Each structure stands twice: as C-alpha cells, then as structure tokens.
Amino acid sequence: MPQINFKRVPTSERDPKERARNFEEVNLGYTAEQAIEEAKRCLQCKNRPCVAGCPVEVYIPEFIKLISEGDFKGAIAKNKEKNNLPGICGRVCPQESQCEAKCTLGVKGDPVSIGKLERFVADQEIKDGVKAPEAPVKNGLKVAVVGAGPSSLTCAADLARMGYEVTIFEALHKPGGVLSYGIPPFRLPRNIIETEVNYVKNLGVQIKMDVLIGKSTTIKELFDGGYKAVFIGSGAGLPSFLNIPGENSNGVFSANEYLTRVNLMKAYKFPNFDTPVWLGKRVAVVGCGNVAMDSVRTALRLGAEKAMIVYRRTSNEMTARVEEYHHAQEEGVEFNWLTNPLEILADEKGRVTGMKCVKMRLCEPDASGRCRPEPIPGSEFTVELDTVIIALGTSPNPLIAQTTPELKTAKHGNLIVDDKYQTTMPGVFGGGDAVTGSATVIQAMGAGKIAARSIDEYIKAK
Amino acid sequence: MFTILEKRDLADKICEYVFEAPLVAKKARPGQFVILRLDEEGERIPITLADTDPKTGRIKIVVQAIGTTTNRLHCFEKGGAIADIIGPLGTPTHLDGFKKAVCVGGGVGIACIHPIAKELKAMGVQVTSIIGSRCKDLVFFEDEMRAASHELIVTTDDGSYGRKGLVTGPLAELLQGADKADVVFSVGPVIMMREVAKATKPYEVKTYVSLNPIMVDGTGMCGACRVSVGGVTKFGCVDGPDFDGHQVDFDLLMKRLAMFKEMEQQSLGLWQKEGCKCHK
C-alpha cells in the first residue's frame with residue numbers, strides 16, 4: 001500500500017500586484033506532472049463519498065484514477081459522462097463545501113484537489129483540441145429551455161443526449177447567463193465558456209438569442225408550437241438595494257449592472273467597445289458574497305486606488321468562498337466588518353462623495369441560527385467614496401411568471417417546484433436562480449440535471 | 001442579425017428604419033421598446049417602437065444621431081444588418097378607459113407617441129395630438145400623426161412652421177372647459193415632459209410620461225434604469241417606461257442621464273475622428 005500523502009499539490013497563481021491590474025486568469029492551474037501527482041493522492045474509496053457531495057454526480061474517483069495513469073483523454077471523457085461544463089465547474093464550483101468536503105483525506109489532511117483536477121482535464125482537452133461529441137440519435141420530441149445559463153445548459157445537454165430536440169431561448173446577445181455577464185474573466189476566461197457552450201451546441205442543442213420568453217413569446221405559445229415540455233432557467237431578476245437615502249446617486253450601481261457592463265459588454269475595453277463603465281478611485285462594495293468579491297476585484301482592475309468591502313457581519317458569516325476572500329485580500333482589498341451603510345452622500349450634480357455608516361455588533365443568534373447584527377449607538381462615521389456597488393443578491397426574474405398565470409411563485413417571486421423540479425404548470429420545469437434566488441452555479445446545474453430526468457419521465461409517461 | 005428593409009431620412013440627423021423582427025412585431029403594444037446592439041463592439045440601447053406590423057413582421061424605429069451608437073447606426077444603409085434587436089420590452093402604455101386624449105410628442109419622441117395615438121384612435125377615443133420641434137427642418141411624421149389623430153397641432157420653437165412656441169401652449173388650451181381631455185400622453189425630451197406634467201397638474205388630468213433612463217440589459221436584471229416615482233424607486237425597463245408624470249422626479253432622471261457624459265463625449269470624439277465606416 002502506498003503511503004498516504006496528506007498534503008495537496010498547490011497550483012501557482014499570478015502575482016497579486018500584477019494581476020490586480022489586469023483581467024488575466026488568477027489561478028494558473030496544474031501542469032501535467034502536478035496533476036498526476038495530485039491525482040495519485042486519491043484513495044479511490046469504495047464508498048465514493050466525494051460523489052455524494054457533487055450535485056451533478058461526476059464520476060470523481062474514476063476520472064482522477066485516469067489522470068493518475070496519465071490518461072487525460074480518458075479522464076475528460078469519464079468526467080463528461082456526467083458533467084457537460086467541466087472547465088467552468090472546475091473553476092467556479094465551491095468544491096471545498098461539496099465534493100472536497102466529503103473527501104476521506106480531508107479528515108486528517110488536505111482533501112484531494114478535485115476542482116483543480118477537473119479544471120486540468122478540461123484545459124488539457126482544449127489544448128489538444130476538443131473532440132466534438134457524437135450527435136445523439138434524435139427521438140423527434142421537442143423541448144424548450146428558457147435562458148442559456150448554467151442550469152439551462154446542463155438541462156439542455158442532458159436532454160439532447162437522451163435524444164430530445166432542444167432549443168434554448170436566450171434574452172441576451174450571448175449565451176452563458178451569469179457565466180457571461182456576472183463572473184469576470186480573471187476567474188473564468190471567456191474561451192472556456194465559448195468552448196463548453198459549443199460542446200452543448202454540438203450535442204444538437206439550438207440556441208436562439210434575443211428572445212425574451214414572457215415578452216417575445218409565451219410559455220403557452222411554446223406548447224402550441226409543438227414543444228412537449230419547457231424548462232425555465234431564467235435566472236436572476238431585479239437586484240436588491242439597501243433602500244437608504246442617496247442610493248440613486250450617480251456612482252451607485254448594482255453588482256449586476258457593474259459586472260454586466262464589464263464582463264458582457266466589455267466596458268474594460270472602452271472606448272474600443274462602446275459601453276462605458278464608471279471608473280471609481282475609491283470604491284465600496286456592500287455585501288460579502290462571491291458577487292461582492294467579483295465586483296471589488298473588478299474595481300481594482302479598473303484602476304481603483306482604494307477598494308473595500310462593507311459588510312454588517314464578519315468573515316465568519318460571509319458567504320464568499322474562502323479562496324475568493326484570500327485572493328481579494330492578497331490583491332489589497334480592504335475589509336470593513338461589522339459596518340452597515342446608513343446613507344450615500346452626493347454632490348450637487350448627484351455624484352457620490354461618500355457613505356455614512358454605523359458600526360455593528362453581533363448579538364445572540366436569531367431563529368436562522370446566524371448572529372443578528374445590531375448597530376452600536378453613536379458609532380456613526382463617514383467614509384469618502386466616489387463609487388458604491390450594491391451586492392446584496394437578486395430576486396428571481398418576474399417576467400415569465402407575470403405572463404403565465406399558471407405558474408405559482410413564492411413570496412419573493414421564486415418559482416414553486418416539487419422535488420422533481422416541476423412547477424405548478426404541467427410540463428413546465430424550473431431550476432437555478434429562478435427557483436432558489438441567488439445561489440451557486442453548481443446548484444443551478446444540479447437542478448438542471450434532475451429536471452432533465454424529470455422531463456424525460458414526464459414526456460415518456462404521456 | 002436583423003436586416004434593414006427600409007431607411008428614410010426624416011429630418012436633419014433623424015432617420016427612420018424598418019427592420020424585419022417578426023417576434024417583436026407580433027407582440028408589440030404601444031409604448032413598448034426594443035433594445036438594439038449594432039455589432040460586437042456595440043452597446044445595448046433602448047429605442048421606443050414607432051410602428052409595428054404583425055402581418056409582415058416589420059418594425060419601425062426613428063433614431064436621432066446624438067451619441068456614438070446612434071451616429072454609428074446612421075452609417076448602416078438599406079440591406080445592411082445589425083447584430084441584435086430584442087423586444088418588445090417594457091409594460092405597454094395603459095390605454096383603457098379614456099374618452100378624450102391629448103398626445104404630446106416632442107423632438108424624436110414624436111415617433112414614440114405615434115403608436116399610442118394610432119391605437120387610441122382605433123379604440124374610438126377622441127385624439128388631439130400636439131407635435132413640437134425646434135424648427136421647420138426638424139418636423140417629421142406630420143402625415144402619420146395626422147392620420148393617427150382627429151386633430152393635429154404642430155409647433156416649432158422658432159415659429160418657422162405651425163404655431164410658434166412650445167407644446168405646452170396649445171396643451172393648456174385643451175385642458176380648459178367642461179369638454180377637456182381626460183388623459184395626456186407625453187413622449188419627448190425630459191424637460192418637455194416635465195413641463196407637460198407641470199401644465200396638466202393644476203387641471204388634475206392624468207398624465208403619462210414615457211421615461212428614457214440609461215439601460216443595459218433592458219429585461220429587469222441590471223437595475224441601471226432606476227427612476228424615482230412618488231418617492232419610490234422603480235425600474236424603467238419593467239415597471240415603465242410609462243409613469244405618472246405628476247409623480248416623477250425629473251431632476252433625478254436628468255442627473256442620471258448625464259452619468260456617463262464625459263465618457264460618451266470621449267467615445268463620440270473618437271468615432272468622429274475615425275470617421276464613418278459604412279456598413280452595407
């Protein structure tokens with residue numbers, strides 16, 4: 001029996017000072033030698049605890065074994081049996097709280113770096129040239145998928161593999177959903193999205209851009225047009241704001257707007273691209289999830305001299321991945337814990353000049369188990385700023401539910417679904433942020449996967 | 001890609017385009033808009049629909065060259081194609097329940113008031129329209145608006161055509177007497193819409209204005225188009241673009257419209273230097 005190695009092989013990263021000024025990918029990934037070495041650490045547990053932690057049920061020990069044997073082509077093929085978007089997942093999944101959290105090695109040492117290995121095989125395949133998948137035999141049954149984000153791409157690809165003729169309808173001009181408009185290229189390079197969307201297309205999935213279901217056409221019309229089932233993965237809707245004075249001042253943006261300008265519209269290439277973005281020198285991002293990290297690190301890359309997080313709780317309660325938090329720290333982001341904005345201040349032209357905040361303290365945990373923050377009287381202070389980005393999450397997009405009375409929604413507009421991801425309208429399924437509100441890419445993909453199975457069952461039972 | 005089927009010069013720097021966009025044409029209602037993007041480098045801008053025909057799948061927009069995108073669009077000729085048109089977006093104008101309407105269009109907003117007047121007339125509402133331009137050379141859609149209204153009043157700021165003065169002059173007259181209008185719809189420059197709302201306020205006539213805040217996605221995702229109506233923040237792209245003119249904070253709208261002014265000028269300057277790369 002080989003000796004157990006508790007220490008993971010690290011990946012190299014770009015120098016924080018250099019990378020904080022450009023949009024190049026931060027993590028450089030494994031070399032082939034490093035990947036093999038890391039893969040050899042896998043214990044190949046018979047009970048496969050890691051797989052139980054993966055929402056898309058990737059054959060984890062199996063693909064890692066193939067890497068350890070140097071069979072990278074075999075490894076990516078094995079991975080893709082379950083996962084249609086490995087290069088994306090390998091980068092943006094919170095593995096530390098999913099597959100890697102269940103890794104047996106994690107009990108006494110570092111869990112196997114499953115995410116980085118997945119990314120390695122995906123990148124290796126791109127280097128070698130991605131083999132187009134064999135087009136599945138068509139069964140002649142049409143399914144419509146609304147939105148081209150992670151849950152939709154997963155659902156569409158799985159259905160195409162089963163033989164369905166799948167059409168995705170996307171409102172924006174590029175597929176990918178949050179992968180394209182939300183996640184910055186320094187975390188997810190655009191060629192990875194392009195490659196993996198192409199892979200889905202090569203499975204026979206058609207993607208129609210510039211179609212907004214609920215406005216351009218309706219769910220009912222899709223059924224009338226011969227679609228046997230519909231999957232709604234329409235994603236995030238209106239961004240949440242603080243509802244404090246001054247929030248409509250010039251220089252206050254939702255994270256959605258700020259990131260969309262930069263990532264989807266390529267405003268960081270202005271004026272070569274036509275879309276402008278506010279170039280703040282002193283930027284505060286309110287919130288401390290992954291979107292907040294993306295926003296604050298983007299602000300640095302756009303030339304901010306000071307970029308800070310303002311969060312009413314502490315690092316213990318933040319929802320951002322530890323990796324993102326560390327990257328932000330290394331790049332010079334300032335963290336203001338236990339701080340809550342009260343008012344955004346502006347000059348006579350309506351431009352942001354600062355933000356009035358109050359210090360908070362954590363009290364006894366409330367019903368949700370999280371410590372409730374409470375303002376400390378008399379601790380108000382003002383911080384000088386020219387930009388405020390609000391990253392407090394979003395509510396699901398309301399457009400489809402508004403035009404489809406059969407679709408019931410919960411209080412915040414989330415589509416109500418059963419355990420098979422079927423909505424209250426027969427034949428209509430839903431997943432991703434449209435159902436859960438702001439959540440992770442992999443959760444959305446997991447929902448898309450289960451929904452694909454449910455759609456297959458639904459159509460076959462008819 | 002979306003092909004330009006027709007292009008017509010209406011006035012100085014104002015062009016009318018007819019595109020093939022069947023999904024938009026089939027569903028569009030008065031007051032709705034599209035977002036368009038010219039090409040890979042282009043931005044997404046909202047343009048209110050001037051006319052649609054569900055039978056032919058054609059839509060009509062009228063565009064005044066002001067910024068980079070609108071100037072760049074004017075380089076496209078008939079037969080050319082732009083990358084994206086999505087719509088119809090926004091909540092349609094509320095048209096039900098009126099007997100006598102005044103439709104006020106100013107500048108390029110004349111094109112946007114057109115479908116509203118046309119639909120009201122078709123619904124049997126008595127429609128008087130007022131269209132205002134700076135001078136005679138900028139007057140357009142006179143025939144279209146005459147056909148869409150029972151009565152048409154044309155004003156120019158300098159008196160070079162029609163009645164001299166602003167649209168608010170004839171508007172005030174229509175708001176008096178027992179037989180006054182019960183609703184006013186207004187599309188045009190922010191200052192004009194503000195003045196229209198001011199003029200109708202004392203008469204307590206319901207006044208709808210169509211707001212044109214900066215948008216990015218236009219589908220209720222980014223929140224760029226925040227406007228304040230009755231002290232409450234609304235999203236122009238999904239809650240609007242029509243709002244109660246007596247409740248709108250026009251000052252805020254004007255400030256927010258100037259948000260990227262310097263960068264817009266930089267972009268336009270660059271475009272002017274490089275010249276028009278014609279798209280055929």
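Just so it is clear: chains get the letters A, B, ... in the order the sequence lines come, proteins before strands, and each one is counted from 1. Note that the coordinates shown come from a computational prediction; the quantities given were computed from them, not determined experimentally. Just the heavy atoms: all of them, side chains too, but no hydrogens, waters or symmetry mates, feed the values below.
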Please determine whether the number of non-hydrogen atoms from other residues, nucleotides or ligands lying under 6.0 Å from atom [atom1] of [X] exceeds 12.
| X | atom1 | result |
| --- | --- | --- |
| B:H94 | NE2 | yes |
| A:K281 | NZ | yes |
| B:I191 | CD1 | no |
| B:K13 | NZ | no |
| B:K234 | NZ | no |
| B:E20 | CD | no |

Top residue by heavy-atom pair count (under 4.5 Å) with chain A, among [options]?
| options | result |
| --- | --- |
| B:A28, B:S228, B:G90 | B:G90 |
| B:R44, B:M254, B:E264, B:K26 | B:R44 |
| B:E41, B:Q32, B:K27 | B:E41 |
| B:T69, B:D251, B:T233, B:L38 | B:T233 |

What part of [X] is in contact with chain A, defined as an atom under 4.5 angstrom from a non-hydrogen atom: side chain, backbone, both or neither?
| X | result |
| --- | --- |
| B:V24 | neither |
| B:E40 | both |
| B:A83 | backbone |
| B:R256 | both |

Margin query: If the condition is ring pair (Phe, Tyr, Trp, His ring centres under 6.0 Å), which residues does B:F19 pass it with, not counting sequence neighbours?
Written below: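 If we apply the ring pair (Phe, Tyr, Trp, His ring centres under 6.0 Å) test to B:F19, skipping adjacent residues, there are no hits.
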With no hydrogens and no angle check, is any side-chain donor or acceptor of [X] less than 3.5 Å from a backbone partner on [Y]?
| X | Y | answer |
| --- | --- | --- |
| B:R226 | A:E247 | yes |
| A:D274 | B:T68 | no |
| A:S216 | B:G87 | yes |

Under a 4.5 Å heavy-atom cut-off, does chain B meet the side chain of [X], its backbone, both or neither?
| X | result |
| --- | --- |
| A:Y258 | neither |
| A:A236 | backbone |
| A:E170 | neither |
| A:I390 | neither |

State, yes or no, whether a side-chain contact exists between [X] and [Y] at a heavy-atom distance under 4.5 Å.
| X | Y | answer |
| --- | --- | --- |
| B:I86 | A:M209 | no |
| B:I85 | A:D210 | no |
| A:F270 | B:Q266 | yes |

Selection from [options] maximising heavy-atom pairs under 4.5 Å formed with chain B:
| options | result |
| --- | --- |
| A:N243, A:V277, A:L399, A:N250 | A:N250 |
| A:G350, A:G237, A:G251 | A:G237 |
| A:N248, A:N256, A:T260 | A:N248 |
| A:K349, A:Q402, A:R351, A:R261 | A:R261 |
| A:L259, A:V252, A:L264, A:T218 | A:V252 |
| A:G214, A:G235, A:S249, A:P239 | A:P239 |

Check: For B:R37 and A:M265, which heavy atoms make the closest approach, and how far apart are they?
Finding: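 For B:R37 versus A:M265, the nearest heavy atoms are CD-CE, 4.2 Å.
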Notebook entry, point to check: For the side chain to side chain contact (heavy atoms under 4.5 Å, CB included) test, which of B:K261, B:E43, B:M259 pairs with A:P276?
Noted result: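 Between A:P276 and the candidates, side chain to side chain contact (heavy atoms under 4.5 Å, CB included) is satisfied uniquely by B:E43.
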[atom1] of [X] to [atom2] of [Y]: how many Å apart, nearest 0.5 Å?
| X | Y | atom1 | atom2 | answer |
| --- | --- | --- | --- | --- |
| A:K174 | B:D84 | NZ | CG | 9.0 Å |
| B:L270 | A:N272 | CG | CG | 7.0 Å |
| B:C237 | A:L238 | SG | CG | 6.5 Å |

Next item on the list: Describe, in one word, how the ring planes of B:F260 and A:F253 are oriented to each other, choosing from parallel (under 30°), tilted (30 to 60°) and perpendicular (over 60°).
Entry: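 Rings of B:F260 and A:F253: tilted, as their planes differ by 30° to 60°.
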Next item on the list: Would you please go through residues 211-224 of chain B and name the residues with a non-hydrogen atom below 4.5 Å from one of chain A, in numerical order?
Entry: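 Residues B:I214, B:V216, B:D217, B:T219, B:G220, B:M221, B:C222, B:G223, B:A224 are the ones that qualify, each having a heavy atom under 4.5 Å from chain A.
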